[in-house]
Amino acid sequence: MNVRSVRGTHDILPGSVELWQEIEEKTRLLFRRYGYGEIRTPVLEETNLFCRSLGLETDIVQKEMYTIPARRGRDISLRPEGTAPVVRSYLENHLNRGSGLTKLYYVGPMFRRERPQKGRYRQFHQIGAEVLGSDHPGIEAEVMEMLHVLLDDLGVRGVRLLVNSVGCPSCRPAYVRILQERLLAESDLCADCRKRSRRNPLRVLDCKQASCSPVIDNLPSILDHLCRECRDHFRRFREFLDLIGVSYSVTPRLVRGLDYYVRTTFEMVTDRLGPTQNALLGGGRYDGLSELLEGPPAQGFGFGLGLERLVLLLSRNDQLAAGYRSPRPEIFFAYLNEDSLEKAFTLARDLRREGIFAYLDFGGRSLRAQMRLANRLGSRFVCVIGDDEIRTGLYSIKRMADGTQTRLQQGRISRHVRSA
RNA sequence: GUGGGCGUAGCUCAGUCAGGUAGAGCACAGGGUUGUGGCCCCUGUGGCCGUGGGUUCAAGUCCCAUCGCCCACCCCA
């Protein structure tokens, strides 16, 4: 076949889609308990939305967006992430009216034009949640606790929570200057880091090159340069985490890619996805984002979780992935000729109307082949229809488990299937 | 964008080193059983050997190019 799915995109087929459904169902149920409402925003947004919110220097904006040219200045792009669209919708639809706190979650596809790799695709899916209208550190801990419960519910083990504070506009610039001075004086950095040192020094902290590690380890920590408010916020946040009993490690090197983050940032990582694709989910606070979009001040906090990565983790967990079996027919109608097919056709319809899973094959197979099919599908009963049955009005019903067979009147079939 | 691996039946893969009629298992279809599944046995369908070019009497196999998939780097979910 010469038509294939586009690079980096994948079909989710029966047999694996059920795991996705289970994840989504558990998520919806849980998030509802925490007061989140679902929001569905368009997959297309003005390119500008992402340029302004994520930052022009980010990889996403620089090279990873699928952009469709449109009227000058109004190009549109497939969304590369979920937070900016939610905030856009929040502002556009005045969702802040009424209560001070707005909790929203979403599930859907995101698009980034990168080289596909294990756990990273061009169309991928995220579950995300955003809390708008509060800058309280407690809500941050609540989100993490909720995620903790979700992963636990799903049977994900071995996930570590990393937390950090990246400061705010009043303290971060000073730190970045100090950092940059130190970095420009260093000679043992990789080529990328030398570039980053000039353009975006914070990103150096994220470098995974082994050769850069010793240098990075000796750099000043942002946590030592937070302003009083940020320091208090971060301390309070950790107190709440302790209170709920969620364990974490403070990771000053955790900077994250997007410009809009302030104060608390976090990731949940696992070593079961490889050394670099280790982030299962990530997020943080973005109090200035609304203003970047020319909205009124509005604090925000949220996360995005990579569904493909979650599925990858769970697929190795036999009880969830390998345990799936397609639904088994309760009764399979096998027929011998065209007349009996018509009878089977109407009988199947009647039983389905009673809520029974009735299976009828149109492959023109021999009776033997139909029996084999019924067996392979795991049907509990098979009804064989031939001239005898039509003449007498008594239908042969075979229980596949033990091979016993009885003859029943049409009206009795459903009860028989149900009872056994 | 850079590097590595792999493209042979619907699926999983042998065959490539040493050029000589295209293979196995599973799946599918028919039969052994004229109206009855599983186990077993027999038979059968199914391949531009990714694509194009080159070398050769002869290419799945050697050479060149190209496309695709996977993995890794970068970065992230």
Side-chain angles (χ1 to χ4, degrees), chain A residues 1-10 54 57-64 79-83 107-128 190-193 195-196 200 203 206-210 212 254-258 266-270 273-283 302-313 329 332-337 340 363-390 395-405:
Chain A
M1 190 171 79
N2 50 6
V3 184
R4 315 174 130 269
S5 70
V6 170
R7 184 204 296 271
T9 69
H10 295 278
L54 307 188
E57 289 298 317
T58 56
D59 284 2
I60 293 179
V61 169
Q62 293 259 317
K63 54 185 186 184
E64 293 176 2
R79 60 182 184 193
E81 60 104 45
T83 299
V107 180
M110 308 292 162
F111 305 85
R112 292 183 201 173
R113 188 171 188 145
E114 306 172 89
R115 279 292 265 266
Q117 204 179 316
K118 192 188 196 73
R120 192 180 59 192
Y121 310 100
R122 288 185 167 187
Q123 174 174 341
F124 62 105
H125 297 79
Q126 281 192 343
I127 293 175
C190 69
D192 284 335
C193 280
K195 230 176 285 172
R196 293 187 190 114
N200 197 347
R203 301 291 288 286
D206 238 352
C207 182
K208 280 146 186 150
Q209 297 290 326
C212 292
L254 178 65
V255 198
R256 303 195 46 74
L258 312 179
F266 74 106
E267 277 184 9
M268 290 194 187
V269 299
T270 168
L273 286 174
T276 53
Q277 240 81 293
N278 60 353
L280 178 60
L281 62 91
F303 70 89
L305 176 154
L307 265 174
E308 277 79 2
R309 291 181 184 181
L310 184 56
V311 166
L312 223 49
L313 284 177
F332 182 106
F333 284 97
Y335 54 88
L336 287 156
N337 53 44
S340 44
R365 302 164 196 257
S366 64
L367 180 62
R368 183 187 194 206
Q370 291 180 75
M371 291 300 295
R372 280 214 300 218
L373 180 59
N375 183 62
R376 184 154 40 82
L377 295 172
S379 310
R380 297 177 57 220
F381 292 92
V382 171
C383 175
V384 180
I385 302 181
D387 293 336
D388 291 354
E389 283 78 7
I390 290 175
Y395 297 91
S396 310
I397 309 289
K398 180 170 186 172
R399 177 187 297 148
M400 296 297 274
D402 56 12
T404 57
Q405 189 160 318

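Lettering of chains follows the sequences in order, A, B, ..., and the numbering in each one begins at 1. Everything numeric in this text was worked out from a predicted model, so none of it was measured.
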Chemist: Under 3.5 Å for both donor-acceptor distances, Watson-Crick or wobble: does B:rU66 have a partner, and if so which one?
Modeler: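 WC or wobble partner is B:rG50.
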
Chemist: Using atom C1' in both nucleotides, what's the gap between B:rG60 and B:rU51 to the nearest angstrom?
Modeler: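 Taking atom C1' in both B:rG60 and B:rU51, they lie 14 Å apart.
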
Chemist: Measure from CD on A:Gln370 to P on B:rG38 and round the result to the nearest Å.
Modeler: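 After rounding, the gap between these two atoms is 14 Å.
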
Chemist: Looking for any heavy atom pair under 4.0 Å, which part of the strands does A:Glu389 touch: base, sugar-phosphate only, or nothing?
Modeler: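 The residue A:Glu389 makes base contact.
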
Chemist: Could you go over nucleotides 68-74 of chain B and give all protein N or O partners under 3.5 Å, atom names and distances?
Modeler:
| from | atom 1 | to | atom 2 | distance (Å) |
| --- | --- | --- | --- | --- |
| B:rC69 | OP2 | A:Arg7 | NH1 | 3.2 |
| B:rC71 | OP2 | A:Lys118 | N | 3.3 |
| B:rA72 | OP2 | A:Lys118 | N | 3.3 |
| B:rC73 | OP1 | A:Thr276 | OG1 | 3.2 |
| B:rC73 | OP2 | A:Gln117 | NE2 | 3.1 |
| B:rC73 | OP2 | A:Thr276 | OG1 | 3.1 |
| B:rC74 | OP1 | A:Gln209 | NE2 | 3.1 |
| B:rC74 | O3' | A:Arg196 | NH2 | 2.9 |
| B:rC74 | N4 | A:Gln117 | OE1 | 3.1 |
| B:rC74 | N4 | A:Arg120 | NH1 | 2.5 |
| B:rC74 | N4 | A:Arg120 | NH2 | 2.3 |

Chemist: Assess, by modelled atom type and distance only, whether the side chains of A:Ser396 and A:Glu389 contain a donor and an acceptor separated by less than 3.5 Å.
Modeler: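 Yes, a side-chain donor-acceptor pair sits under 3.5 Å.
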
Chemist: Using a 4.0 Å heavy-atom cut-off, does A:Ser366 contact any base of the nucleic acid, only the sugar-phosphate backbone, or nothing at all?
Modeler: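 Here A:Ser366 touches the backbone only, sparing every base.
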
Chemist: Using purine N1 to pyrimidine N3 plus N6-O4 or O6-N4 for Watson-Crick, or N1-O2 and O6-N3 for G-U wobble, both under 3.5 Å, which nucleotide pairs with B:rG19?
Modeler: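 Checking every strand shown, B:rG19 finds no partner, since no pair has both distances under 3.5 Å.
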
Chemist: Tell me if a side-chain donor or acceptor on A:Arg120 pairs with a main-chain N or O of A:Arg115 at a distance below 3.5 Å.
Modeler: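 The answer is yes, because a donor-acceptor pair under 3.5 Å joins these two groups.
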
Chemist: Report, one line per pair, each donor and acceptor closer than 3.5 Å where one atom sits in a side chain of residues 370-379 of chain A; sequence neighbours left out.
Modeler:
| from | atom 1 | to | atom 2 | distance (Å) |
| --- | --- | --- | --- | --- |
| A:Gln370 | OE1 | A:Tyr335 | N | 3.2 |
| A:Gln370 | NE2 | A:Tyr335 | O | 2.8 |
| A:Gln370 | NE2 | A:Arg365 | O | 3.3 |
| A:Ser379 | OG | A:Ala374 | O | 3.1 |

Chemist: Expressed as a whole number of angstroms, how long is the span from A:Tyr395:OH to B:rU36:C1'?
Modeler: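 Between C1' of B:rU36 and OH of A:Tyr395: 18 Å.
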
Chemist: What integer number of Å spans the C1' atoms of B:rG15 and B:rA9?
Modeler: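 My reading of the C1' atoms in B:rG15 and B:rA9 gives 14 Å.
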
Chemist: What is the pairing partner of B:rU33, taking Watson-Crick or G-U wobble pairs with both distances under 3.5 Å in any strand?
Modeler: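 For B:rU33, the partner nucleotide comes out as none, under the 3.5 Å rule.
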
Chemist: Using the C1' atoms only, state how far B:rC71 lies from B:rA27, rounded to an integer number of Å.
Modeler: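 B:rA27 and B:rC71 have their C1' atoms separated by 29 Å.
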
Chemist: So which protein nitrogen or oxygen atoms get under 3.5 Å of nucleotides 39-48 of chain B's nitrogens or oxygens?
Modeler:
none

Chemist: If the C1' atom of B:rU2 is compared with that of B:rA58, how far apart are they to the nearest Å?
Modeler: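 Straight-line distance between the two C1' atoms is 40 Å.
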
Chemist: Regarding A:Asn337, tell me which of base, sugar-phosphate or nothing describes its non-hydrogen contacts under 4.0 Å with the strands shown.
Modeler: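 Contact class for A:Asn337: none.
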
Chemist: Starting at CD1 of A:Ile385 and ending at C1' of B:rG35, how long is that distance when rounded to a whole Å?
Modeler: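 Computing the A:Ile385:CD1 to B:rG35:C1' distance gives 13 Å.
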
Chemist: Using both distances under 3.5 Å as the test, list the Watson-Crick or G-U wobble partner of B:rG60, or none.
Modeler: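 Partner of B:rG60: none.
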
Chemist: Searching all strands shown, indicate the nucleotide that pairs with B:rA72 (Watson-Crick or G-U wobble; both distances under 3.5 Å).
Modeler: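 Because both required distances fall under 3.5 Å, B:rA72 counts as paired with B:rU2.
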
Chemist: Rounding to the closest angstrom, what is the interatomic distance between B:rU33 and B:rG38 at atom C1'?
Modeler: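 So the two C1' atoms sit 15 Å from each other.
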
Chemist: Across the strands shown, which category fits A:Asp387 at heavy-atom distances under 4.0 angstrom: base, sugar-phosphate, nothing?
Modeler: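 Result for A:Asp387 = base.
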
Chemist: For the C1' atoms, the ones on B:rG7 and on B:rG52, what distance do you get once it is rounded to whole angstrom?
Modeler: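 Comparing C1' positions in B:rG7 and B:rG52 gives a spacing of 16 Å.
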
Chemist: Across all strands shown, which nucleotide pairs with B:rC28 by Watson-Crick or G-U wobble geometry, both distances under 3.5 Å?
Modeler: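 B:rG44 is the nucleotide pairing with B:rC28.
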
Chemist: How many whole angstroms separate atom CD of A:Gln123 from atom P of B:rA77?
Modeler: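 Atom CD in A:Gln123 sits about 17 Å away from atom P in B:rA77.
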
Chemist: For a quick check of understanding: with a heavy-atom distance under 4.0 Å over all strands, which category does A:Ala369 fall into, base, sugar-phosphate or nothing?
Modeler: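 Touches sugar-phosphate only.
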
Chemist: Please classify the nucleic acid contact of A:Leu310 as base, sugar-phosphate, or nothing, using heavy-atom distances under 4.0 Å.
Modeler: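 The answer is nothing, as A:Leu310 stays clear of every strand by at least 4.0 Å.
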
Chemist: Under 4.0 Å between any heavy atoms, over every strand shown, what does A:Arg203 touch: base, sugar-phosphate, or nothing? Just pick one.
Modeler: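 Sugar-phosphate, no base atom in range.
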
Chemist: Starting from P on B:rU36, measure out to CG on A:Asp402 and report it in whole angstrom.
Modeler: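 Rounded to the whole Å, the gap is 18 Å.
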
Chemist: Please report the distance separating the P of B:rU43 from the corresponding atom of B:rC6, rounded so that it comes out in whole Å.
Modeler: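 Roughly 36 Å separates the two P atoms.
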
Chemist: Base, sugar-phosphate or nothing for A:Glu81? Non-hydrogen atoms, less than 4.0 Å.
Modeler: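 The residue A:Glu81 makes no contact with any strand.
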
Chemist: When both hydrogen-bonding distances must be under 3.5 Å and the geometry is Watson-Crick or G-U wobble, what is B:rA14 paired with, if anything?
Modeler: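 In the structure as shown, B:rA14 has no Watson-Crick or wobble partner.
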
Chemist: Can you tell me the distance, in whole Å, between the CZ atom of A:Arg309 and the P atom of B:rA77?
Modeler: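 Rounded to the whole Å, the gap is 8 Å.
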
Chemist: If you measure from the C1' atom in B:rU61 to the same atom in B:rG54, how many Å do you get, rounded?
Modeler: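 After rounding to an integer number of Å, I get 15 Å for this pair.
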
Chemist: Look at the side chain of A:Arg122 and the backbone N and O of A:Glu114, then say whether any donor-acceptor pair between them is shorter than 3.5 Å.
Modeler: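 It does hold such a pair.
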
Chemist: Starting from C1' on B:rU36, measure out to CZ on A:Arg376 and report it in whole angstrom.
Modeler: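 Answer to the nearest Å: 16 Å.
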
Chemist: Find the partner of B:rA9: check Watson-Crick (N1-N3 plus N6-O4 or O6-N4) and G-U wobble (N1-O2, O6-N3) distances, both under 3.5 Å, and reply none if neither fits.
Modeler: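 Across any shown strand, B:rA9 pairs with none.
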
Chemist: Heavy atoms under 4.0 Å, any strand shown: does A:Leu281 hit a base, just sugar-phosphate, or nothing?
Modeler: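 Since only primed, P, OP1 and OP2 atoms lie under 4.0 Å of A:Leu281, the category is sugar-phosphate.
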
Chemist: Nearest-Å distance, CG (A:Leu367) to P (B:rG31)?
Modeler: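 Going from A:Leu367 (CG) to B:rG31 (P), I get 11 Å.
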
Chemist: If you assign A:Gly283 and A:Met400 each to the RNA chain B nucleotide with the nearest heavy atom, which residue ends up on the more 5' nucleotide?
Modeler: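 The residue mapped nearer the 5' terminus is A:Met400.
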
